[in-house]
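Reckoned from all heavy atoms, side chains included, excluding hydrogens, waters and symmetry mates.
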Amino acid sequence: MKRSSRLLIAALCLSTSWFEVTAQVSAQPSVGQQPTGAAASGQQPGAQQPAGTGAVVAQPGVTPGTGVAVPGQPGTTAGAAPALNPASGPVNLQPTVISTFNSGLGPAVTGLKSSNQQSNGQSFTLQQAIDFAIEKNVSIRNSKLDALSADARIKEVKSSALPQIAANASLTDNVIIQKAFLPASTFDPSAPSDVSVALPFGVSYSANATVSLNQVIYSPSLNVGLRAAATYRELAQRNLQATKVTVAEQVAKAYYGVLVAVERAKLLDYNIGRLDTLFTETKALNQQGFVEKLDIQRLEVQVNNLRAERQNVQNLIELSYQLLKFQMGLGVNDEISLAEQLQDRAVDDLRPLISPDPTFRYQSRIEYSTLETQIRMAEQDIELTQKGYYPSLAAFANYGYNTGRNNFSHLVTQPWLNFGTIGLSLQIPIFDGFQKRYQIDQKRITLQKAQNSGELLRNSIDLQIRQSSITLNNGLQTLETQQRNRDLAQEIVRVARVKYKEGVGSSIEIQNAEASLREAQTNYFASLYDFLIAKVDQDRALGRLYIGN
């Protein structure tokens, strides 16, 4: 039973993009590199994907086709930028159950909280979205079919060890009966010795019906094949698990992309509201002669730019939802909503997440354990060929009836004669022209290549772990800096507005402060998204991203 297999290590080329005023799309770096945007990631390898986007269903934003604006963050007051709800502690996606997905904020911690949003469509937490994708994603469904095919193949191999029973029947019409040449002296002693006569041997019609049974008694090759069946099943299950890990990563990144996009839309709506208020106040001051018309025009330009940016973000949100539904195995017309939202966590709370994992083993990576299984199969393939030098023994039994008549009707009216045989069949290979020898040489080379691939994979895993650790540390430092910049920018805007109302500041100063705040908010969400994605990448590198069955 010959089996050859190759390790397929899928290199996820994840792409992402961030929300710009011009809606420019930029590519997300691959695993281990520093993420640069706040767009949804996790698409199929090699595909270019848009930034965090999607169809808004019961989520903050403008519902496509309605023009209804997204409400601001609940619990905010005028003059203060909306902030993410503070975390009240670790959130387990499935209480009292260890989560099968590490969301990027520690084991069984999602970094998310209940959004308390009402929706017409089906609502999903991150864990529920992953579980749904594990059941519905087309790639996983195909991998499950491959596993079923492997089981059927295993049963096929095992069936060769069972008795093989076959029935055969034949009917022959000897149109021209073949003649045999015999010495004429056989029939006439006085005939010359060099004279032969041609006599027909056979009848016009003959029939045969036989039942045969064959049973393998000893076959080294079959024994190796039966032992390899368990390895083959294990390989199919590992391939299925590898597909689940990939899908879990894709869904998680797409889910985070939608959440960040929605929070971005909230901030834009909040900033538009503040500028509208400032615009109204400035117009009143202009009518009283305290400010110039130029100040009103500057504010109007800013408001128009923000509204254009808000529309771009809304389009990106719609695409982000479409990407998430695609990764989950849903149709584009299915309505969904997210049951969780981002939490604003202190940097000190996130710092323990970037510590190295002292319990890491290469076998934790599904790619490595799959390669180990394939190496075992390559060894068994060599053994299978070597067993071809051994003899094999089988038993057989045949029982049947036959008849032969010159009249066709006699085949039915005349009795048939029975016969039966039993015996043993021994096959001893002696010389095959060195065919098996050269086959073994080729398979040993294949085994050596697989072992070399194991060394390369270990080095690759080490590199990925170090890259993801560095990226996560950089992401945490950037997040801390951007968090501080956001707080400072909010304070600068507050002071600038107070100075303007007191008559000691200018509208240009307020506009510059508002522009700096929006940039700080954008940078904060970009760094927050990058940190979440970097944590997912680290968990993938450490083999703890998805451990479900």
Side-chain angles (χ1 to χ4, degrees), residues 1-7 145-172 206-239 369-402 417-451 453-454:
M1 180 185 57
K2 181 178 178 181
R3 283 289 174 274
S4 60
S5 54
R6 299 168 55 194
L7 172 65
L145 291 176
D146 291 338
L148 293 176
S149 177
D151 287 337
R153 178 58 181 163
I154 291 170
K155 294 177 181 178
E156 175 188 353
V157 174
K158 291 182 177 181
S159 65
S160 60
L162 299 177
Q164 309 294 311
I165 301 175
N168 297 284
S170 64
L171 174 63
T172 304
S206 62
N208 183 286
T210 308
V211 175
S212 61
L213 181 146
N214 289 274
Q215 173 63 59
V216 175
I217 298 177
Y218 173 74
S219 175
S221 299
L222 179 59
N223 294 336
V224 175
L226 293 176
R227 287 192 288 107
T231 307
Y232 190 65
R233 177 187 288 109
E234 179 183 348
L235 180 62
Q237 292 299 326
R238 292 195 184 280
N239 289 335
S369 56
T370 300
L371 180 59
E372 288 183 326
T373 305
Q374 291 178 330
I375 289 176
R376 290 203 306 273
M377 289 196 65
E379 293 171 344
Q380 292 169 342
D381 198 14
I382 293 176
E383 183 182 2
L384 177 65
T385 307
Q386 290 174 335
K387 294 300 183 181
Y389 288 112
Y390 288 70
S392 60
L393 179 66
F396 66 88
N398 298 290
Y399 182 79
Y401 289 86
N402 66 346
L417 303 179
N418 64 336
F419 65 91
T421 59
I422 58 173
L424 297 175
S425 173
L426 177 65
Q427 290 186 339
I428 303 176
I430 298 176
F431 181 70
D432 62 354
F434 304 109
Q435 181 180 6
K436 284 189 286 292
R437 171 186 171 182
Y438 296 129
Q439 289 177 347
I440 292 173
D441 289 343
Q442 295 177 60
K443 293 175 181 180
R444 282 176 175 164
I445 293 174
T446 301
L447 175 61
Q448 185 62 48
K449 290 172 63 178
Q451 292 170 341
S453 297

*If you look only at pairs with a residue in residues 213-226, which of them pass as a salt bridge (Lys or Arg N to Asp or Glu O under 4.0 Å), with sequence neighbours excluded?*
none
*Is there any salt bridge (Lys or Arg N to Asp or Glu O under 4.0 Å) pair reaching into residues 214-230, and which pairs are they, with sequence neighbours excluded?*
R227-E383
Between [atom1] of [X] and [atom2] of [Y], what distance do you get to the nearest 0.5 Å?
X: N239; Y: Q374; atom1: CG; atom2: CD; result: 7.0 Å
X: N418; Y: T210; atom1: CG; atom2: OG1; result: 11.0 Å
X: L226; Y: I154; atom1: CG; atom2: CD1; result: 10.5 Å
X: Q386; Y: D381; atom1: CD; atom2: CG; result: 10.5 Å

*Derivation and outcome, side-chain contact (heavy atoms from CB on, under 4.5 Å), residues Q442 and T446*: CA-CA 6 Å; Q442 295 177 60; T446 301; 5.6 Å; no
The criterion is side-chain hydrogen bond (donor to acceptor under 3.5 Å, both in side chains); which residues satisfy it with [X], sequence neighbours excluded?
X: Q448; result: N452
X: D432; result: K436
X: R437; result: none
X: R238; result: E234, S369, T373

For [X], all residues meeting side-chain contact (heavy atoms from CB on, under 4.5 Å), sequence neighbours excluded:
X: S160; result: L222
X: A207; result: L171, T403, W416
X: T172; result: N174, S206

*Within the side chain of Q164, is there an N or O that forms a donor-acceptor pair under 3.5 Å with the backbone of S159?*
yes
*asked:* Does atom OH (Y218) have a neighbourhood of more than 12 heavy atoms from anything else shown, all under 6.0 Å?
replied: yes
Do you know the tightest heavy-atom contact between [X] and [Y]?
X: L371; Y: S453; value: CD2-C, 3.7 Å
X: R233; Y: D151; value: NE-OD1, 3.3 Å
X: A378; Y: L447; value: CB-CD1, 3.8 Å
X: A236; Y: A147; value: CB-CA, 4.0 Å
X: Q215; Y: A161; value: NE2-O, 3.1 Å
X: L235; Y: M377; value: CD2-SD, 3.5 Å

Residue pair [X] / [Y], side-chain heavy-atom distance below 4.5 Å:
X: L384; Y: Q380; answer: no
X: I440; Y: Y389; answer: yes
X: I375; Y: E379; answer: yes

*asked:* Suppose the criterion is ring-ring contact (aromatic ring centres under 6.0 Å, His included): which pairs have a residue in residues 421-447, not counting sequence neighbours?
replied: F431-F434
*asked:* Regarding S170 and N168, do their side chains bring together a donor and an acceptor under 3.5 Å, going by distance alone?
replied: no
*Pairing residues for Y401 by the ring-ring contact (aromatic ring centres under 6.0 Å, His included) criterion, not counting sequence neighbours*: Y399
Please tabulate, for the side chains in residues 421-429, all donor-acceptor contacts under 3.5 angstrom to protein atoms that are two or more places apart in sequence or on a different chain.
unit_1, atom_1, unit_2, atom_2, d
T421, OG1, N398, ND2, 3.2

